[in-house]
Amino acid sequence: MSAQPQSGQERVKAAPKPRQPEKRGAGGIASQFGSWLDRRIPPEARVLLTQRNIFIFPTRTAVAFAVLLLLLMMGAINYQNSLIYGVAFLLGSLFLVTILHTFRNLSGLTLELLDSRPGYVGDDIEFNLRISRGAGKARHGIQVGWPQSIKQWVEMQDQDVVAVKLFSTGRERGWYNPGRLLVETRYPLGLLRAWTWVDLNARALVYPKPEFTELPDPVQGQRDDGQLVDHQGSDDFSALRDYQPGDPVKHILWRRYARSDDLVLKEYSGFVEPRAWFEYERASGNVEQRLSILTGWVLQAKQRDQEFGLRLPGRVIEPGLGEAHAAIALEALALFGTSD
Amino acid sequence: MALNASKTLSGVDYQIPRNVLALLMLAQVVVVLPHVAQLSPWIVGVCLFCGYWRAMVYQGRWAYPPGFVKALLVIAAVAGTALSGKGAFSVETASSLLVLAFALKLIEMKTRRDAYLVIFLSYFVIATEFLFSQSMGVAIYEVLACVMVTAAMIGLNQLQTNVRPLASLRLAGALLGQALPLTLVLFLFFPRIAPLWNVPLASGATSGISDRVTPGDIADLAQSDEIAFRVVFDGAVPQPEDMYWRGVVYNEFSEGTWSEGKPGRRVRSDLLVPEHDRGEAISYRVLQEPTFASYLFALATPVVADRNIELRSNFTLLADNPLMSMMHYDVKSYPDFRRELGQERPRLASMPVGDDNPRVREWAARVGRETGSPSEFADRILDEIRNRFVYTLKPPRLPRENSIDAFWFDTSTGFCSHFAGAFVYMMRAAGYEARMVGGYQGGEQNPISKHVVVRQYDAHAWAEVWTQGSGWVRVDPTAAVAPERIRRGLNAALTEEDRSSLSAFTNARLGGYGGIDELMFMFDSVQHGWNMWVVGYDTDLQMEYLTGLFGERPSAMQIGIAILLGGLGSLAVAGVVLFLRRPARPRDPLVNAFFRFAGAAEARGLVREPWESPMAFVRRVSVHHQLPQNDVDAAIAGLEQQLYAGQPKSTADNGAKARKALLRTLRRLRWRTTLRA
């Protein structure tokens, strides 16, 4: 799998790729539930919520509501009061009608994973979802999120489609799958909870956690074409020359122009450091520590616009520059040693 | 659209949305308002205080009260309720406690859980109000209160910034409306159960006729135009002067007050009123408003079949439990039946008259000797009353001691209970068996629904004298002084001065102001229907109705099926509203065609991206599926014009052409993919 860099932003297009079934503990109710859920709501990039995949059950508030109904019925019976019976019946019927309303609040929604943004281990990884409701009623009070992460409220009153950003903490490098997404609602009365666990095949690339150390000394003798001079660079002042159209305006020596009407340019030279090679062997520590150090180097090189190459056991990335190059290097680091 | 991060629905950081809070507080006011009549003023004060504090918190000016203030308030509230309840735990005490809990919760309502507690309490307070009044007006008011409370509950489940109180109110109304079919079916079919425990909380205050009478009490009742009961006669309605609704028999007199004394024993009605010499019967159904007392009212010599009603040896009816709600009972009355003394005799004979009122006793003894028979003596008293006395609602106050002396010789003015009391006293002083009876006299027939309405101002007191051969005979001394009162009701007997002491509304009711009369009768008819079929819908009526409906006693199965159908009815209404009603957005035919096209393309794996214009999407699909270009071009041109030209009218022809082209493309698309498959 390769990342598709889009205009400098590294975004991973959600690929509707069948995922290998996750390793689950053998036996156990949780795993049985998981495989049942996989059959019931198979992983898909786009899920339409229907009666097939929506669950609904009374909440704890509904238990209190039931106690209220019981008390009302007892009052009605003991005082033989028709109108108190009426109140109890009305509230009981209200509960029944609410079942349909709560279900309807989720039913007909389409959830779709658009893309994700790579991050580093320990970061909150961003996923972009699109929820559309098609025709029909407004939706209220829907919560979307992975368990153990921050939930987002979704309300659709005037719009048919909303974009939702979700975050989930990446704990290991490599392809990160945050698991099944919980979509739930208690609207309108909070007496019932309708929910579903959808698997949108969400995945994001998680880079190793960078460790910032000194860049390694340039390796001598590998290639001898270092010491490039970039005349349009901007590091050190080297000479004065006449202005030519196309030269950067900020380098014009304006003081001189004020005195003499000559447009004179200060010329700077940037000395680009020699291409660096970041090598797995030259980082110290165990595998993960080394990858962290390498990630730190890549990031620093990217920051300084330094050309670099990456040499990992089994994979060599030729020197290059720019965001896209860095993304390829980071991906290689993220996926190092994984089956992907 | 609004998206906020918030931890969980039930998390601690949840804040009740401000406009939900406002709605909830308003709902609380609406819910408590009808209770104010039953509440002591200090409780209303506590409510206002808590409400004010909460409003200040709402505005961010004050903080929530500290713990000790809350503790103090709770202790004060409980102590205050205990003190003002005078030790007895009545319905009023319970309602006071409920309202206080409600008010105190207000000042510490922070979390979602608190809000739910307040909401459920609100529903409870709404139901409690029906213990005090079950009129249709109150019922409608409480349904509206339910809508408000439900709306607050809806707001609790929405994103805080998105709560729109009006929309919530609308939805709450819709929810309750959709719940109605099932509610109706449950109301009709759900089996009514006998009380679980026998003595429900009684009320501290009874209304109407009570177990003791001090002359003057009944004059107070005359101030009230509240309905005591309604009567539906099977046959002709008796003349007003024959309608003496007996309720309580007063046997004992001391210190100016008549009381029931030892209540008469319960007797089986077939023993007390043997079938063979009952005579002609009058059949009717009484719909008794709640009085919080057990007395029931009926014409002389009633027989009832109801197991919860007893006939006592003094021929009055008594309910097993105080009337906490509307009650109806069917009575057959036998006015010609001769009521004998039975076991009452020894008690009456041994009843001392007492040694007060020496002047009246002396007078009675003297005149009693002169006349010789109870009826002659009674006539002498009535003559005296007719000639010397004045009937008024506002008689001068009588002293506690020797009150009858003062009435008979000094003030000579009084109301029905003065006359009846003095009459019975004198009969007894002369050695005859006599007793005072309290109840109502007369009643007004509603010309629309033909039932008779008896109001509190029809309250009356009269006497019964026992004579050899005739049994207990009714003697009404008031008829001697104010015959109009008996024949034409209270209004006819009132003086100008009396009338000025009554409320404007009572006066209007009594005076009969033309058109208002008509309206009032109409209103009363509706109220009567409500009482008959809704408030009075109890086990008996339910059995009657269901047997009529099914042609036999309904089985549990039939009731179950009926309730199931009701549930389905409610769900069907909700379902139609939720799933079938499409948004009323008339779409252009071309736009419609586009959506059909988009749907078909989507079914074949090409999804329109959010940034993609309809034109771009049609183009992409056509390229992907190699659809004929000329139709696609026409469709795209038409769509472009439709969407951006802004003159749909002038381009109607183009639109139709473009639509046809688009639909052709759609057919082609289906055809292509079917072939490929």
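None of the values given here were measured: they were computed from a predicted structure. For the numbers below, each heavy atom of this structure counts, side chains included, while hydrogens, waters and symmetry mates do not. Below, read A as the first sequence line, B as the second, and so on, with proteins coming before strands; counting in each chain starts at 1.
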Peer 1: At a heavy-atom distance under 4.5 Å, which candidate from Leu72(A), Leu94(A), Ile142(A), Val87(A) has the highest pair count against chain B?
Peer 2: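 Counting heavy-atom pairs under 4.5 Å, the top option is Leu94(A).
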
Peer 1: Centroid separation under 6.0 Å, is that true for the rings of Trp146(A) and Phe167(A)?
Peer 2: no

Peer 1: Would you mind checking which part of Pro181(B) comes under 4.5 Å of any heavy atom in chain A, side chain (CB onward), backbone (N, CA, C, O), both or neither?
Peer 2: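 When you check distances to chain A, no heavy atom of Pro181(B) falls under 4.5 Å.
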
Peer 1: Would you mind telling me which of Ser168(B), Gly567(B), Ala139(B), Pro610(B) has the largest number of heavy-atom pairs within less than 4.5 Å of chain A?
Peer 2: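 Looking at each option in turn, the highest pair count goes to Pro610(B).
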
Peer 1: Looking just at side-chain N and O atoms, do His328(B) and Asn531(B) make a donor-acceptor pair shorter than 3.5 Å?
Peer 2: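 No, no side-chain donor-acceptor pair sits under 3.5 Å.
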
Peer 1: Out of Gly536(B), Ala179(B), Ala574(B), which one racks up the most heavy-atom pairs below 4.5 Å with chain A?
Peer 2: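 Result: the option with the highest number of such pairs is Ala179(B).
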
Peer 1: Ring-plane angle category for Phe127(A) and Tyr176(A), please: parallel below 30°, perpendicular beyond 60°, tilted otherwise.
Peer 2: tilted

Peer 1: Name the region of Leu131(B), side chain, backbone, both or neither, that has any atom closer than 4.5 Å to a heavy atom of chain A.
Peer 2: both

Peer 1: Quick one: what part of Phe65(A) sits under 4.5 Å from any heavy atom of chain B, side chain, backbone, both or neither?
Peer 2: both

Peer 1: Given that the side chain runs from C-beta out, which part of Arg192(B) has a heavy atom under 4.5 Å from chain A: side chain, backbone, both or neither?
Peer 2: both

Peer 1: Can you tell me which portion of Leu571(B) sits under 4.5 Å from chain A's heavy atoms? Options are side chain, backbone, both or neither.
Peer 2: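 Interface part for Leu571(B): both.
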
Peer 1: Determine, using ring centers only, whether Phe124(B) and Phe120(B) are less than 6.0 Å apart.
Peer 2: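 Ring-ring flag for Phe120(B)/Phe124(B): false, centres at least 6.0 Å apart.
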
Peer 1: In terms of heavy-atom pairs under 4.5 Å, which option from Ser107(A), Gly145(A), Ser82(A) contacts chain B the most?
Peer 2: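 Result: the option with the highest number of such pairs is Ser82(A).
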
Peer 1: Can you tell me which portion of Leu91(A) sits under 4.5 Å from chain B's heavy atoms? Options are side chain, backbone, both or neither.
Peer 2: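 It is the side chain, since no backbone atom gets that close.
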
Peer 1: Can you list the steps and then say if Arg117(A) with Asp123(A) is a salt bridge (charged side-chain N to carboxylate O under 4.0 Å, His left out)?
Peer 2: CA-CA 11 Å; Arg117(A) 204 185 267 272; Asp123(A) 280 2; over 6 Å; no

Peer 1: Might you work through the salt bridge (charged side-chain N to carboxylate O under 4.0 Å, His left out) test for Glu602(B) and Arg46(A), ending with a clear yes or no?
Peer 2: CA-CA 12 Å; Glu602(B) 198 162 313; Arg46(A) 204 177 139 81; 2.7 Å; yes

Peer 1: Is the backbone N or O of His101(A) less than 3.5 Å from a side-chain atom of Asn105(A), with the two atoms forming a donor-acceptor pair by type?
Peer 2: no

Peer 1: Does a donor on one side chain and an acceptor on the other come within less than 3.5 Å for Glu126(A) and Asn128(A)?
Peer 2: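 On atom types as modelled, these side chains qualify, holding a pair under 3.5 Å.
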
Peer 1: Under a 4.5 Å heavy-atom cutoff, which of Thr98(A), Ile99(A), Ile77(A) has the most pairs with chain B?
Peer 2: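 Heavy-atom pair counts peak at Ile77(A).
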
Peer 1: Between Val138(B) and chain A, with a heavy-atom cut-off of 4.5 Å, which part of the residue counts as in contact: side chain, backbone, both or neither?
Peer 2: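 Contact with chain A: none, neither part.
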
Peer 1: Under 4.5 Å, counting heavy-atom pairs only, tell me which of Leu191(A), Val97(A), Leu189(A) racks up the most with chain B.
Peer 2: Leu189(A)

Peer 1: When only pairs under 4.5 Å are counted, which of Leu182(B), Leu121(B), Thr539(B) shares the most heavy-atom pairs with chain A?
Peer 2: Leu182(B)

Peer 1: Cut-off 3.5 Å, side chains only: do Tyr116(B) and Thr111(B) have a donor facing an acceptor?
Peer 2: no

Peer 1: Identify which part of Trp530(B) has an atom lying under 4.5 Å from any heavy atom of chain A, answering side chain, backbone, both or neither.
Peer 2: side chain

Peer 1: Pick from Phe190(B), Phe130(B), Tyr537(B): which one has the most heavy-atom pairs with chain A under 4.5 Å?
Peer 2: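 Looking at each option in turn, the highest pair count goes to Phe130(B).
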
Peer 1: Report yes or no: is the cationic atom of Arg180(A) (NZ for Lys, CZ for Arg) closer than 6.0 Å to the six-membered ring centre of Trp197(A), at no more than 45° off its axis?
Peer 2: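 Pair Arg180(A)/Trp197(A) does not count as cation-pi.
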
